Amino acid sequence: MEDIHRKRMEKDLTELQSLIEAHFESRKKEEEELIALTSRIEKRRSERAEQMRIRTEKDRERQNRLAEEKARKEEEEAKKKAEDDAKKKKVLTSLQFTGYMQRTDKRGGQKKQTEREKKRKILGERRKELNIEDLNAEKLRDKANELWKWMYQLEAEKYELQYKYTHQKYEVTVLRNRVSDHQKNSKGPRSKRGLRK
């Protein structure tokens with residue numbers, strides 16, 4: 001009886017040891033898997049952070065490149081506009097002073113001299129001195145806009161005067177031709193035709 005009980009105890013002890021060993025083996029395996037999983041997560045997190053850093057750096061470079069390109073274009077446009085404005089101003093000054101003064105000088109006379117003085121006086125009133133030494137950037141921008149509007153107005157007036165001059169010149173030419181035709185026709189037997197219409 002005691003022998004049977006002893007064998008049963010040995011069998012139970014063996015099974016218990018087997019269960020303990022299996023438990024520790026399973027626990028060890030789970031810990032290894034957990035360590036591997038943690039390692040993979042950390043590696044993935046590190047790779048993700050590196051990708052984000054590279055992307056952020058590329059975005060920053062792209063933004064800087066776009067900003068530089070925009071600044072360069074704005075500078076070129078401003079330079080071109082300044083050159084165009086300078087050319088227009090030069091042309092206007094040449095037309096206002098050189099052309100008119102040369103015509104009046106050729107005609108001569110006291111009356112023309114008076115007209116020249118009036119012209120100089122008007123131009124002197126229109127030509128305002130630029131006091132821009134103490135102006136900041138915003139006021140300089142406003143001043144430039146004001147001058148541009150003024151120049152635009154002068155260009156419009158110039159266009160209207162040119163159109164009026166061309167139209168009057170055409171009318172004078174037509175009237176001269178009519179007078180010439182009338183004089184030619186009034187001398188001969190075809191005087192009944194009268195003026196050309």
Side-chain angles (χ1 to χ4, degrees), residues 52-186 193-197:
M52 290 297 294
R53 186 188 66 79
I54 294 174
R55 181 180 298 176
T56 303
E57 186 176 350
K58 288 183 178 180
D59 289 341
R60 189 183 299 112
E61 290 177 355
R62 185 173 61 86
Q63 292 293 335
N64 292 337
R65 189 167 59 253
L66 291 175
E68 291 175 358
E69 185 70 16
K70 183 179 179 181
R72 185 181 63 80
K73 288 183 178 179
E74 289 178 352
E75 184 179 355
E76 290 178 355
E77 290 176 358
K79 185 177 180 181
K80 185 177 179 181
K81 187 176 183 300
E83 291 176 354
D84 292 340
D85 292 344
K87 288 179 181 178
K88 290 180 180 179
K89 184 177 179 182
K90 185 177 181 181
V91 170
L92 287 174
T93 305
S94 176
L95 288 175
Q96 289 174 351
F97 289 99
T98 308
Y100 180 78
M101 296 306 173
Q102 286 178 354
R103 288 196 297 271
T104 53
D105 288 343
K106 289 179 181 178
R107 294 174 184 174
Q110 185 65 29
K111 184 178 180 181
K112 299 303 178 183
Q113 183 70 24
T114 306
E115 294 294 331
R116 183 190 308 169
E117 291 175 357
K118 289 181 180 179
K119 183 74 172 181
R120 285 179 178 173
K121 183 179 179 181
I122 294 173
L123 291 175
E125 292 175 355
R126 286 190 178 183
R127 292 184 62 195
K128 301 176 182 178
E129 294 184 1
L130 292 177
N131 297 322
I132 58 175
E133 287 80 7
D134 300 330
L135 299 181
N136 56 20
E138 184 176 356
K139 291 184 178 179
L140 281 174
R141 194 178 296 110
D142 295 338
K143 187 69 175 177
N145 289 330
E146 179 185 349
L147 291 175
W148 186 87
K149 290 178 181 177
W150 181 62
M151 187 178 66
Y152 182 81
Q153 180 182 355
L154 290 177
E155 287 285 349
E157 292 176 2
K158 173 188 170 187
Y159 175 78
E160 291 177 1
L161 290 173
Q162 286 178 342
Y163 176 78
K164 186 177 180 181
Y165 169 75
T166 304
H167 186 67
Q168 289 177 348
K169 185 177 180 182
Y170 172 75
E171 289 181 349
V172 169
T173 303
V174 171
L175 291 174
R176 282 181 178 174
N177 290 335
R178 287 185 179 180
V179 170
S180 177
D181 290 344
H182 176 67
Q183 289 175 351
K184 289 179 182 178
N185 293 329
S186 62
R193 290 177 58 189
L195 291 174
R196 180 187 298 175
K197 294 183 180 179

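The basis for the numbers below is simple: all heavy atoms, side chains too, and nothing from hydrogens, waters or symmetry mates. What you see is a predicted model; the values in this text were computed from it and never measured.
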Chi angles and distances behind the side chain to side chain contact (heavy atoms under 4.5 Å, CB included) call for Glu83, Lys79: CA-CA 6 Å; Glu83 291 176 354; Lys79 185 177 180 181; 3.7 Å; yes
Approximate separation, where rounding is to 0.5 Å, of Glu157 CD and Lys164 NZ: 12.0 Å
Non-neighbouring partners of Glu75 that pass side-chain hydrogen bond (donor to acceptor under 3.5 Å, both in side chains), sequence neighbours left out: none
With sequence neighbours excluded, residues passing side-chain hydrogen bond (donor to acceptor under 3.5 Å, both in side chains) with Glu171: His167
Interatomic distance, Gln168 atom CD to Leu161 atom CG [nearest 0.5 angstrom]: 9.5 Å
Working for side chain to side chain contact (heavy atoms under 4.5 Å, CB included), residues Lys80 and Glu76: CA-CA 6 Å; Lys80 185 177 179 181; Glu76 290 178 355; over 6 Å; no
Residues which pass side chain to side chain contact (heavy atoms under 4.5 Å, CB included) with Asn136, listed by chain and number, not counting sequence neighbours: Glu138, Lys139
Euclidean distance, Asp142 CG relative to Leu147 CG, rounded to 0.5 Å: 11.0 Å
Interatomic distance, Glu155 atom CD to Tyr159 atom OH [nearest 0.5 angstrom]: 12.0 Å
Expected output: side-chain Thr173 to main-chain Lys169 donor-acceptor under 3.5 Å: yes
Between OH on residue Tyr152 and NZ on residue Lys149, distance to nearest 0.5 Å: 12.0 Å
Summary of side-chain hydrogen bond (donor to acceptor under 3.5 Å, both in side chains) pairs that have at least one residue in residues 54-67, sequence neighbours excluded: Arg53-Glu57
Side chain to side chain contact (heavy atoms under 4.5 Å, CB included) against Glu74, all qualifying residues, sequence neighbours excluded: Lys70
side-chain hydrogen bond (donor to acceptor under 3.5 Å, both in side chains) involving Lys81 - partner list, sequence neighbours excluded: Asp85
